[in-house]
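As the structure is a prediction and not an experimental result, all values here were calculated from the model. By convention here, the first residue in the shown sequence is residue 1.
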Amino acid sequence: MAKTNQTTIVYENLKKRIEQGLYSPAESLPEIELASEYNVSRNTIKKALLMLEKDAFVTIEQNKGAKVRSYSKVEVVEYLELREELEGFIVRLAVPCFDSRHIKQLDSLLEEMAEHRRQSDLMAYSACNQRFHDIIYDVCPNWTAVDVTVRLKKQMKKYNSKTILIPGRGDNSFQEHKAIVDAIKEKDSALAESCIRTHIRNVRNTFEEYYSLLF
């Protein structure tokens, strides 16, 4: 591991693990163990953890060290409320910018999602869900709104993906995504915004209702 890249490599790897849920919320990240695992100095680990703290992936307390940042039920609900506003704004701006290539991409993803749903492959379905929203982000001309949304989603990825595990949520989720695509095809910005707001609101409602089972 080249010295000039050590901190960045450790930072990126730890961030990926956190996003993928390989570390539990509030799990400790001992500097000594991480330094041994990555074969780097504790100073390199400290720098990487400070970068993660800055990006809200970990918290660092004096004499207690670093822990994966955890969010309360209220905080996650507040995040989903904000995401509803942001996603509605993004899709409203994106609809006039969609071309046939982007529509084809969305249709292809819907087909994949339908197949994953039939096979009960929830992880693959969730990955397609992410790609679905990424296409809308790519089309949206307001990169500031997209950047804020993507940053929030990365911090909350562990919580975002959990609701698909609720029985029946997969079927509802698919129909919600199909409605969004239909609205985009009609070039109806207001309807697309309404559909995506409904989608995020249903995610929030599912999270609130089944929080004790999910976490």
Side-chain angles (χ1 to χ4, degrees), residues 12-25 27 55 57 68-71 76-77 79-80 82-84 86-88 90-91 94-95 98-140 146-185 192 195-215:
E12 291 291 347
N13 190 269
L14 287 173
K15 183 175 75 168
K16 184 177 181 180
R17 289 185 180 186
I18 294 170
E19 290 175 348
Q20 293 177 337
L22 299 181
Y23 290 120
S24 301
E27 182 173 344
D55 290 342
F57 286 99
V68 176
R69 180 167 179 179
S70 63
Y71 293 87
V76 178
V77 169
Y79 148 72
L80 289 169
L82 177 57
R83 187 181 161 198
E84 180 184 331
L86 289 168
E87 296 261 10
I90 287 170
V91 79
V95 167
F98 268 90
D99 58 26
S100 58
R101 178 174 61 89
H102 297 123
I103 296 295
K104 186 176 180 179
Q105 289 174 340
L106 289 178
D107 280 336
S108 177
L109 273 175
L110 278 180
E111 291 178 6
E112 286 187 52
M113 292 167 79
E115 181 61 26
H116 294 319
R117 185 176 53 128
R118 283 192 291 270
Q119 296 178 1
S120 299
D121 190 341
L122 300 180
M123 295 302 293
Y125 181 94
S126 183
C128 285
N129 186 352
Q130 178 62 58
R131 287 160 54 201
F132 181 98
H133 289 273
D134 284 345
I135 291 172
I136 298 175
Y137 301 155
D138 288 342
V139 175
C140 179
V146 170
D147 182 63
V148 170
T149 304
V150 170
R151 285 174 178 270
L152 283 170
K153 287 181 70 173
K154 284 182 177 179
Q155 293 170 16
M156 295 289 189
K157 189 171 183 178
K158 180 177 178 64
Y159 301 91
N160 289 334
S161 59
K162 284 282 190 176
T163 55
I164 196 65
L165 301 175
I166 298 300
R169 179 58 198 152
D171 293 337
N172 293 335
S173 172
F174 179 80
Q175 293 304 322
E176 290 160 13
H177 284 86
K178 184 177 184 303
I180 293 168
V181 174
D182 289 343
I184 290 173
K185 288 180 177 178
C195 289
I196 209 163
R197 281 176 171 271
T198 296
H199 168 56
I200 304 301
R201 194 178 307 124
N202 286 341
V203 171
R204 186 180 79 235
N205 291 340
T206 300
F207 177 85
E208 288 188 279
E209 183 175 357
Y210 293 97
Y211 178 81
S212 60
L213 295 178
L214 293 171
F215 299 96

TODO: List the atom of Tyr23, the atom of Val68, and the distance in Å for their closest heavy-atom pair.
DONE: CB-CG2, 3.6 Å
Task: Closest approach of Ala94 to Val139 (non-hydrogen atoms, all atoms of both residues) - done: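 Shortest heavy-atom separation between Ala94 and Val139 comes out as O-CG1, 3.5 Å.
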Open item on the list: So that I can tick it off, tell me whether Arg201 and Glu176 are bridged by a salt bridge, with the cut-off set at under 4.0 angstrom between side-chain N and carboxylate O.
Closed with: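 A salt bridge is absent here (no side-chain N lies under 4.0 Å from a carboxylate O).
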Task: Residues Glu19 and Lys16 bridged, charged N to O under 4.0 Å - done: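 Not counted as a salt bridge, because no side-chain N and carboxylate O are separated by less than 4.0 Å.
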Task: Quiz item: cation-pi between Arg117 and Tyr125, 6.0 Å / 45° - done: no
Just checking, is any N or O donor in the side chain of [X] or [Y] under 3.5 Å from an acceptor N or O on the other one?
X	Y	value
Glu209	Asn205	no
Asn202	His199	no
Tyr137	Glu87	yes

Open item on the list: Please determine whether salt bridge (Lys or Arg N to Asp or Glu O under 4.0 Å) holds for the pair Asp55 and Lys154, giving the CA-CA distance in whole Å, both sets of side-chain angles, and the decisive distance to 0.1 Å.
Closed with: CA-CA 10 Å; Asp55 290 342; Lys154 284 182 177 179; over 6 Å; no
Task: Interatomic distance, Leu106 atom CG to Arg101 atom CZ [nearest 0.5 angstrom] - done: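 Result: 11.0 Å between the selected atoms.
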- [ ] Any chance you could measure Asp121, atom CG, to Met113, atom CE, to the nearest 0.5 Å?
- [x]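 Taking CG in Asp121 and CE in Met113, the distance rounds to 12.5 Å.
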Open item on the list: For a 4.5 angstrom cut-off between non-hydrogen side-chain atoms, does Arg69 reach Phe57?
Closed with: no
